[in-house]
Amino acid sequence: MLQVPFIRENKEYVIKRLAIRNIDATQMIDDVISLDEERRQVQTQLDNALAESNTLSKEIGNLYKSGKAAEANVLKERTTELKEITKALTETLNEKIEALNQLLYKIPNIPHPSVPKGSAEEDNEEVFKEGDIPVLHSEALPHWELAKKYNIIDFELGNKITGAGFPVYKGKGARLQRALIAYFLDKNTEAGYTEYQLPLLVNEASGFGTGQLPDKEGQMYHVTEDNLYLIPTAEVPGTNIFRDELLNESDLPIGITGYTPCFRREAGSYGAHVRGLNRLHQFDKVEILRVEHPNRSYQALDEMVEHVKTILKELKLPYRILRLCGGDIGFTAALTFDFELFSTAQDRWLEISSVSNFETFQANRLKLRFKNSDGKNELAHTLNGSSLALPRVLAGILENYQTEDGIVIPDVLVPYTGFKIIN
RNA sequence: GGAGAAAUGGCAGAGUGGUCGAAUGCGGCAGUCUUGAAAACUGUUGAGGGUCACACCUCCGGGGGUUCGAAUCCCUCUUUCUCCGCCA
C-alpha cells in the first residue's frame with residue numbers, strides 16, 4: 001500500500017511511474033487526493049466538536065464540586081447536542097477512511113526506475129545467463145516420463161488421494177526432495193539467514209499484511225470454519241512475523257529462511273505447461289526473507305540474487321536471470337528478478353525463483369517500522385525470494401542429469417541423498 | 001470441552017470514575033567522567049491524525065453500552081495463563 005502523503009506530494013511522478021505497469025492511474029490518484037482532503041476536513045470538524053465537549057465536561061465537573069448543580073445542568077444541554085454532532089461526524093469520517101483504503105488497496109507498488117516497460121513475459125529483460133545446456137541422448141524424456149520410469153513420483157496416486165496437482169513422491173524421489181530442502185536450508189543458514197519453521201495456516205490479518213487479501217483470495221485455499229488460509233508461500237507467515245513491530249535500527253538487517261509446503265488454487269491453463277511438476281496445487285519451497293534499512297535494500301536485493309546464483313552454480317544447472325518488466329512484475333513488488341532453469345527435455349525455461357524488493361509497500365500495511373538515528377519511526381523495507389522452489393528444480397535435475405544409465409545426482413547433493421544415481 | 005484469572009507505552013509492570021497519555025524499572029537517545037569502552041551519574045524518551053509551526057483530537061486487546069466525563073463500571077468477542085478432562 002502506498003503512503004498517502006507521498007502520493008499527495010508526488011502526484012505526477014506516481015502516475016508516470018505506474019504507467020510503466022501499463023495502467024493509467026490518473027483517476028485513482030486524483031480520487032485518493034480528494035478523498036484524503038475530505039477526510040482531513042471531517043477530521044478537523046470532529047476534533048473541534050470533541051474539544052468543545054472535553055472543555056465542557058471539565059467545567060461541569062468543577063461546577064458539581066463547588067455545588068453549582070443548576071449551572072452544570074445548563075451546560076449538559078450543549079454536551080447532549082455535541083454528542084449527536086460527533087456521532088454523525090464519526091460516521092462520515094469512517095466512511096471516508098474506508099473509501100480511501102479501498103482505493104489504496106487497488107493501487108500497485110511504484111516500479112523501480114530500472115524496471116523496463118513492457119506488457120508481458122516476452123518483454124522481460126535477460127540480465128544474466130550461466131551454465132551449459134547438456135546434450136542429451138536420443139531417448140531423453142521429460143521429467144514426468146522419468147518419474148514413471150524410475151517410480152519416484154506418482155501423479156495418479158496423488159490424483160486418487162486428493163486431486164490433480166498433489167503428487168506423491170516415493171523412494172529415491174522422496175529422498176531427493178528431502179535432500180534438496182536440507183541442502184537449500186544449509187546454504188541459506190551458512191549465508192546468515194536464521195532458520196524458521198512457520199505455520200502453514202494464516203489468519204486474515206496476515207493475508208492482508210502481505211497483500212494476498214483482500215483482492216487475491218482466490219489464490220489461496222480458505223478454511224472457512226476457522227477463517228484461516230493455507231499459505232501460498234512462506235512469505236506470508238514469514239513477513240507477518242514483523243506485523244505491528246517497531247524495531248531498533250540496530251536490529252536491521254534481519255534475514256530469515258524457512259521451508260514450507262505451499263498451497264495454490266490457481267485454476268489456470270492446461271496442457272504441457274501444467275504437465276508433471278510444472279504447476280501444482282501443493283509444492284515445497286525454501287524461502288529467504290529480509291527486513292532492511294531503506295538505504296541498503298537494493299544492495300540486499302543484489303546479495304540475494306548472488307546467493308541464489310551460487311546455489312544454481314553448485315547444482316550445475318543452466319539458468320538465466322530476468323528483470324521483470326512493468327507488465328509482468330507483481331502487484332506488491334518494486335523490482336523483481338526471476339530465475340529460470342532450462343529444462344532440456346521440455347526445451348523451455350521454468351521459473352524457479354523470484355527475488356523481490358517491496359520497499360515500503362508491505363511494511364506500510366504491516367506497520368513494520370524501525371526507530372531511525374533521528375529517533376523517528378520509519379517504515380522498513382521488506383524483500384523475499386525463493387531459494388528455491390522445489391518441483392521445478394527437481395524437474396530440471398531429472399531432465400538435465402538423465403543418462404542412459406539413470407539419473408545422476410549432482411555432486412553437492414550426494415551427501416544429502418546417500419546415493420549417486422537413480423536407476 | 002469444563003472452571004478460574006488476566007490483556008496497559010519498545011519490554012516488564014503500577015493504576016479501579018474527573019487534575020491519567022498514564023507511576024516505577026529495563027531498554028533507547030544525549031551528556032558528564034574515560035585514551036577508548038564498561039560502570040556510575042544527569043537529562044531525555046509512547047503511537048497515530050492534524051498544523052508552516054503551535055493549538056487541538058484519538059489511542060490502555062477488538063467492538064458496543066452507561067455517564068456531563070471511562071484505562072477504571074456494564075455487555076460482547078478475541079487472545080493468553082492456571083487447574084481439570086481428552087489427545088498426537
Side-chain angles (χ1 to χ4, degrees), chain A residues 1-9 32-101 103-104 197 199-209 213-214 223-229 237 240-254 261 291 293 360 363-380:
Chain A
M1 186 160 73
L2 297 178
Q3 294 165 268
V4 175
F6 183 84
I7 293 177
R8 203 161 62 201
E9 285 155 31
V32 165
I33 291 171
S34 60
L35 268 171
D36 179 57
E37 178 64 35
E38 290 167 30
R39 194 216 90 221
R40 282 181 299 160
Q41 277 177 16
V42 177
Q43 180 79 255
T44 306
Q45 290 172 34
L46 175 61
D47 285 358
N48 290 339
L50 286 170
E52 188 183 345
S53 190
N54 287 343
T55 313
L56 287 174
S57 285
K58 274 179 199 152
E59 283 178 32
I60 290 169
N62 289 333
L63 288 171
Y64 272 126
K65 263 179 217 164
S66 46
K68 297 172 183 165
E71 286 179 42
N73 285 332
V74 176
L75 292 183
K76 277 192 193 178
E77 283 171 29
R78 177 61 181 158
T79 58
T80 312
E81 248 174 68
L82 283 168
K83 254 189 200 177
E84 295 298 318
I85 294 169
T86 53
K87 196 179 167 190
L89 285 171
T90 304
E91 271 172 33
T92 313
L93 182 65
N94 288 337
E95 282 164 18
K96 297 291 178 198
I97 291 170
E98 179 60 20
L100 184 56
N101 282 338
L103 199 51
L104 287 169
Q197 285 200 7
L200 306 182
L201 288 154
V202 293
N203 59 28
E204 229 172 347
S206 293
F208 174 81
L213 298 177
V223 182
T224 50
E225 183 85 0
D226 300 290
N227 198 23
L228 297 173
Y229 295 86
N240 274 283
I241 291 171
F242 303 101
R243 173 152 47 84
D244 293 322
E245 290 293 321
L246 178 56
L247 305 168
N248 290 317
E249 190 167 346
S250 58
D251 294 331
L252 303 176
I254 293 169
V291 181
H293 192 288
T360 59
N364 191 31
R365 283 191 173 200
L366 292 162
K367 294 197 178 64
L368 164 49
R369 298 159 303 164
F370 67 97
K371 204 169 267 296
N372 67 21
S373 48
D374 298 331
K376 292 258 170 61
N377 296 330
E378 188 176 343
L379 292 172

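Below, read A as the first sequence line, B as the second, and so on, with proteins coming before strands; counting in each chain starts at 1.
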**OP:** Return yes if some donor-acceptor pair links the side-chain N/O of A:Ser57 with the main-chain N/O of A:Ser53 below 3.5 Å, else return no.
**Re:** yes

Subject >> A:Glu245 or A:Asn62, whichever maps to the more 5' nucleotide of RNA chain B >> reply: A:Glu245

Original post:
Is the count of non-hydrogen atoms from other residues, nucleotides or ligands lying under 6.0 Å from A:Gln197 atom CD greater than 12?
Top reply: no

**OP:** Output all residues satisfying salt bridge (charged side-chain N to carboxylate O under 4.0 Å, His left out) with A:Glu249, sequence neighbours left out; order by chain, then residue number.
**Re:** none

Subject >> Test applied, side-chain contact (heavy atoms from CB on, under 4.5 Å); reference residue, A:Leu368; option that passes from A:Leu379, A:Leu246, A:Val291 >> reply: A:Val291

**OP:** Please state whether the phosphate of B:rG18, meaning OP1 or OP2, lies under 4.0 angstrom from any side-chain nitrogen or oxygen of A:Asn54.
**Re:** no

**OP:** For RNA chain B, find the residues of residues 35-50 of chain A with a heavy-atom distance under 4.0 Å and give them by number; none if there aren't any.
**Re:** A:Arg39, A:Arg40, A:Gln43, A:Asp47, A:Leu50

**OP:** Write down the partner of B:rA71 under the Watson-Crick or G-U wobble criteria, each distance required to be under 3.5 Å.
**Re:** none

Subject >> Under 4.0 angstrom between A:Arg369 side-chain N/O and B:rG48 OP1 or OP2 >> reply: yes

**OP:** Hunt down the Watson-Crick or G-U wobble partner of B:rU19, both distances under 3.5 Å, from any strand shown, or write none.
**Re:** none

Subject >> A:Glu81 and A:Arg78 ion-paired at < 4.0 Å >> reply: yes

Subject >> B:rU78 pairs with, by Watson-Crick or G-U criteria that keep both distances under 3.5 Å >> reply: B:rA7

Original post:
Is A:Asn377 touching bases, backbone alone, or none of the nucleic acid, heavy atoms closer than 4.0 Å?
Top reply: sugar-phosphate

Polar atom pairs (N or O), protein with nucleotides 68-70 of chain B, under 3.5 Å:
from	atom 1	to	atom 2	distance (Å)
B:rC68	OP1	A:Lys76	NZ	3.3
B:rC68	O2'	A:Ser57	OG	3.1
B:rC68	O2	A:Ser57	O	3.4
B:rG69	OP1	A:Lys83	NZ	3.4
B:rG69	O4'	A:Ser57	OG	3.3

Subject >> Nearest-angstrom distance, C1' atom, B:rC29 to B:rG10 >> reply: 13 Å

Subject >> A:Asn364 CG to A:Gln3 CD distance, which is reported to the nearest 0.5 Å >> reply: 4.5 Å

**OP:** State whether A:Lys371 places a side-chain N or O below 4.0 Å from either non-bridging phosphate oxygen (OP1 or OP2) of B:rA47.
**Re:** yes

**OP:** Identify the residue among A:Thr360, A:Asn377, A:Leu247 that makes a side-chain contact (heavy atoms from CB on, under 4.5 Å) with A:Arg369.
**Re:** A:Asn377

Original post:
In Watson-Crick or G-U wobble terms, both distances under 3.5 Å, what is the partner of B:rA53?
Top reply: none

